[in-house]
Every structure is written in C-alpha cells, then in structure tokens.
**Student:** 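My questions all concern the structure below.
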Amino acid sequence: MTETEIPTIQIIDAKDYVGQTVRIGGWLRQKRGSGKIAFLQLRDGTAFFQGVVVKADVPENVFETAKELKQETSLYVTGEIHEDSRSSFGYEMAVSDIQVIGASQDYPITPKGHGTEFLFDERHLYLRHIKPFATLKIRNTLIAATYEFFNQEGFIKLDAPLLTGSAPEGTTELFETDYFGQSAFLSQTGQLYAEAGAMAFGKVFTFGPAFRAEKSKTRRHLTEFWMVEPEMAFMDQEASLALQERYIAFLINKVLEQNDQELDLLKRDKDLLRSYTQLPFPRVSYDDAIQLLQDNDFDVQWGVDFGSPEETFLANHFSKPVFITNYPKEIKAFYMKRHPSRDDVVICADLLAPEGYGEIIGGSERDTDYDYLKARIEEEGLSLDEYGWYLDLRKYGSVPHSGFGLGLERMVTFVTGEDHIREAIPFPRMMHRIRP
Ligand code: 4AD
Ligand code: MG
C-alpha cells in the first residue's frame, strides 16, 4: 500500500478499522516496554489507546524512534488495528511506522502523581489528562443538550450583557470595574434581562458566565461560573418545577447516552445516575425541611439559610434531587413572588442534588406588582435609577412569570461525581486562583 491509500482516522473510530492499516495523529501519554517491545499510550482528543511496537516486526529506525519518544511528543503512528480484550477501550494498534511531529522535553506532569494545586497551576497542560478530558467532554454534552432541550420546548436563547450597572443577587458579591469613569459590575445573573426577554418572546433562556466575588473557599463555589437561566411568561411556579425536573432528567439521559466512555473513565455509577431520572422529584417546603433537620439533631432555626451539611442531609434523605420550596423572604432575592397567604415566605425553590453536590438550581415565580417591587428595591438599598427599566416590565403589561438558574459547573460535578467544582470548568477562577 502506498502512503496515500492509508486512511487517517481518529482513535474513537478504531472499531471500524479492525484488520486495516491506518494512520492516527496524536500525542504520547506514557510509554513502557523492554528491549524487544514498546507499549505507547496514545491519545488524540477523542479517546485513549495503546500502540504496540515489536522490534522484530519493524525497521530498526522505527523501534529506535519509539524508544526515544518523550511524554507529550506529537506524532503520526501508522499500523494495523487489532482487538484488545485486555484494555477497557477494546482496540490497539500494531505500529509499523512513527513520524514525530513536535518534540516535547521535560513535560512537567509526570506519571508519578502530583498534588491538586500543582495540577491546576499547570491546568493548560493538565487539560490533556484523563480526568479533565472525561469531565469536560461531559460538560460539553450538558451544554449541547441544554440548547436542544430549550429549543424543543419552544424557547429562544437571549444573550444578556456581562457589564451591568446593577446587583440583583446582593451587593456584597460584586466585581466592580471602571466604565469610562463610571462604576460598572460584572454580571451576577442574566435574569432581569431574561425577564425583559420573556415579555418580548414568551420563553427565553440566557446562558453565559456569572461573576460572584464570594469570599467563600468551598468546593462548590467559583467566582466565575456559567449559568443557564430560563424565564417563562404566563408560567407559574408549579409548571416551572415540572419544566426543571424534565430538564434535569433530559441532561442526565443525554450524558448516559453519549458519554459511556467518559463515565467509565471517571468510574461514575451509571445505575445511580439513571435512578435520578425517575420523575417527579420530591417537593419539600422549607418549613418541613427545618422540622426534618431538627428531628435529626441539626441545630437549625426557622429563618436560616442551609449550609452544606443541611443540604447534603436533605438530598440524601430522599436519595434523589429534591426541591426545597418557599424559603423565608429575608434570605432570598427581592424579585421573588410573595406567598398569597403568608408574608414571611416567597414562592421559590432550590433543587438540591443528592450525594452532597448541593444546590444545582435556584428559581422562583416573580412578583408582578410595580409598587411592591419598587418598595423591595428601596428596602434592599438598591438604586431606583438602576432598576427603573426593570420596573417598566411591571408597568407595561405585567404577567405572571417564573424562571430559574442552573449552575453548569454544579451540574457537571454532580453528573461526573467530581468532588471539587474546579474540575468542572476548563480554567477555574476561585478566590485564590486567577491563573492560568
Ligand atoms: O441561586 P442563584 O444565586 O440564583 C440566581 O442567580 C437567579 N438569578 C437564578 C434565576 O432565577 N434566574 O444561582 C443559581 C445557581 C445556583 O443554584 C448554583 O447552581 C449556581 O447558580 N451558583 C454557583 N455555581 C458556582 N459557583 C458559585 N459561586 C455559584 N453561585 C450560584
Ligand atoms: Mg441560590
């Protein structure tokens, strides 16, 4: 066969080329072997597999090249694809030729094992490794599935600005920046813009970065994270909760369908994940949640926000994602709808994920009344100049509407089983990390 007849393929497609000679462009992850045989661990961005170079079967210079290869050298390998029952991938290549493309010397992430801080200092390289690969492929599935789900539900995507003049989720968590001599803030949420969009298009969702200058160093908080925020005109909270659980089940099912390899690489329990697609999710009022916690020896009083231990207990108690509904007004945002018969709680819900992954969705019905919202904005010490446009939405054809926000990285950690949210985004931003 001449070189032009050899197909260039991707590792993921090896199963379709058993018994054929192919060429693959990739990188060398690791290498082991003896004087007679070299095992090349290869990756190409689609999957991981092994190339075997047998000294007796190849020209001397090919075996010499194989022996000299360093970690992360880029190369073309040519050879025949074989089934390989010993590897979880199932196929390998009997290498007959190697062409080095780009050399690599002293690659810093060696097989010996490193601390997490080091790996994240080298995140631009660490992306190439198995755990980030699998996690971020699943993130990508969640993003694509989000567009698919909301498109099929009749939503349009509406892009919210990231430079804003206001602080809807509380003034203590703002990143401030200079905007031609005025103060501007990096957006905490696209919601208020989504509400304007819902009054124009009926059902919209925003999807983009959100910024929170949170001084919390937990495994669930980033200072820059990505949020999906649907907003629906003429929809009450009940219908919104039904939409939310359908969305979560849709996301999990897509990952089960499309990321079998990645879930295996991460050793995520697929049956457990599948169990979370059984609808409906339980709905528990904040009042009942407090009672349940107190009955189980938690030292919590009505009115407090839940911390991580409380959230973990509640979700594990139901072995499923659980909606905690109708929180105290004092601990929630100004725009949430008043309860029709109580003035101490609002019509809202947080969705808590099981296994300790915490709050993955926060949402509510929105209050529709101009005077009430104006008073709430003033009460919260927010500026009426900044929120005048938002109040217009209650002045010109106000309608019942609801919405919610899903934290993408929280969802990624939940689906992948990662223990820290920094794994769930390519380049995490946290209180003590802004590089690389
Ligand atoms: O509960 P939050 O603050 O709600 C809002 O921002 C609303 N405007 C949403 C809406 O109704 N349109 O944030 C929503 C979700 C949380 O449930 C959580 O999943 C995620 O965003 N989130 C964070 N994720 C990572 N790091 C942080 N610091 C986060 N803060 C919130
Ligand atoms: Mg919240």
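Indexing begins at 1, ligand by ligand and atom by atom, following the structure's order.
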**Student:** Counting C-beta onward and ignoring hydrogens, is there a side-chain heavy-atom pair between Gln99 and Leu75 closer than 4.5 Å?
**Tutor:**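 With C-beta onward as the side chain, the pair stays apart.
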
**Student:** Can you tell me if Tyr179 has over 12 outside heavy atoms packed within less than 6.0 Å of its OH?
**Tutor:**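 Atom OH in Tyr179 is not packed in, count stays at 12 or less.
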
**Student:** Could you tell me if Arg394 sits above the aromatic ring of Tyr390, with its cationic atom closer than 6.0 Å to the ring centre and no more than 45 degrees from the axis?
**Tutor:**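 Yes; both conditions hold, so Arg394 lies above the ring face of Tyr390.
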
**Student:** Have a look at ligand 1 and work out which part of Phe404, if any, has a heavy atom under 4.0 Å from it: side chain, backbone, both or neither.
**Tutor:**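 The part of Phe404 near ligand 1 is the backbone, not the side chain.
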
**Student:** Atoms of ligand 1 less than 4.0 Å from Ile361 heavy atoms?
**Tutor:**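 The atoms of ligand 1 under 4.0 Å from a heavy atom of Ile361 are 17 (O).
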
**Student:** At less than 4.0 angstrom from any non-hydrogen atom of Ile421, what atoms of ligand 1 do you find?
**Tutor:**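 Answer for ligand 1: 25 (C).
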
**Student:** In Glu359, the N, O or S atom nearest to the Mg ion (ligand 2) is which?
**Tutor:**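 The Mg ion (ligand 2) is closest to the Glu359 atom OE2, counting only N, O or S.
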
**Student:** May I ask you to identify the nearest protein heavy atom to atom 4 (O) of ligand 1, giving residue, atom name and distance to one decimal place in Å?
**Tutor:**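 Answer, as residue, atom name and distance: Glu169 OE1, 4.1 Å.
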
**Student:** Find all atoms of ligand 1 within a distance of less than 4.0 Å from any non-hydrogen atom belonging to Ile360, and give their numbers and elements.
**Tutor:**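 So the atoms of ligand 1 that pass are 17 (O), 19 (O).
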
**Student:** Where is the nearest protein heavy atom to atom 18 (C) of ligand 1: which residue, which atom, and how far?
**Tutor:**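 Minimum-distance protein heavy atom for atom 18 (C) of ligand 1 reads Arg410 NH1, 3.5 Å.
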
**Student:** Hey, would you say the Phe150 and Phe207 ring centroids sit under 6.0 Å apart?
**Tutor:**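 No, ring centres 6.0 Å or more apart.
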
**Student:** Identify, for atom 31 (C) of ligand 1, the protein heavy atom at the shortest distance, and state residue, atom and that distance.
**Tutor:**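 For this ligand atom, the closest protein heavy atom is Phe225 CZ, 3.5 Å.
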
**Student:** Would you say the side chain of Ser402 lies within less than 4.5 Å of the side chain of Lys337, judging by non-hydrogen atoms?
**Tutor:**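 Counting from C-beta outward, Lys337 and Ser402 never come under 4.5 Å.
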
**Student:** Quick check for you: to the nearest 0.5 Å, what is the distance between Phe48 atom CZ and Arg43 atom CZ?
**Tutor:**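 Between Phe48 CZ and Arg43 CZ, I get 7.0 Å after rounding to 0.5 Å.
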
**Student:** Heavy atoms only: which of Glu231, Met227, Gln188 is nearest to atom 13 (O) of ligand 1?
**Tutor:**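 Checking each option, the heavy atom nearest atom 13 (O) of ligand 1 is found in Met227.
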
**Student:** Is the distance between the ring centroids of Tyr91 and Phe49 less than 6.0 Å?
**Tutor:**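 No, the ring of Tyr91 stays outside the 6.0 Å limit from the ring of Phe49, centre to centre.
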
**Student:** Is it the case that the ring center of Tyr276 lies less than 6.0 angstrom away from the ring center of Phe414?
**Tutor:**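 Yes.
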
**Student:** Atom 26 (N) of ligand 1: which protein heavy atom is closest, and how many Å away?
**Tutor:**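 It is Leu222 N, 3.0 Å.
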
**Student:** Determine whether the aromatic ring centres of His317 and Phe313 lie less than 6.0 Å apart.
**Tutor:**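 They qualify: ring centres under 6.0 Å apart.
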
**Student:** For ligand 1, is any non-hydrogen atom under 4.0 Å from Glu229's backbone (N, CA, C, O), its side chain (CB onward), both, or neither?
**Tutor:**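 For Glu229, only side-chain atoms sit under 4.0 Å from ligand 1.
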
**Student:** Just to check, does Tyr335 reach to within less than 4.0 Å of ligand 1 when the distance is taken from its heavy atoms?
**Tutor:**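 For ligand 1, residue contact (heavy atoms, under 4.0 Å) with Tyr335 is present.
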
**Student:** Tell me whether Arg220 reaches ligand 1 (any heavy atom closer than 4.0 angstrom to a ligand atom).
**Tutor:**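 The answer is yes, since Arg220 has a heavy atom less than 4.0 Å from ligand 1.
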
**Student:** To which of Arg212, Glu214, Gln191, Glu359 does the heavy atom nearest atom 28 (N) of ligand 1 belong?
**Tutor:**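 That would be Glu214.
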
**Student:** Is the closest N or O pair between Gly363 and ligand 1 shorter than 3.5 Å?
**Tutor:**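 Not met; the criterion fails.
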
**Student:** Quick one: which of Gly405, Ala333, Pro428 has a heavy atom closest to atom 15 (C) of ligand 1?
**Tutor:**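 The residue whose heavy atom sits nearest atom 15 (C) of ligand 1 is Gly405.
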
**Student:** Ring centres under 6.0 Å, that's the criterion: do Phe205 and Tyr147 meet it?
**Tutor:**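 Here the rings of Tyr147 and Phe205 have centres that are less than 6.0 Å from each other.
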
**Student:** Would you mind running through ligand 1 and noting each atom that sits below 4.0 Å from a heavy atom of Arg366?
**Tutor:**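 Counting atoms of ligand 1 from 1, those under 4.0 Å from Arg366 are 10 (C), 11 (O), 12 (N).
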
**Student:** Would Phe306 and Tyr286 count as a close aromatic pair, with their ring centres under 6.0 Å?
**Tutor:**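 Ring centres of Tyr286 and Phe306 closer than 6.0 Å.
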
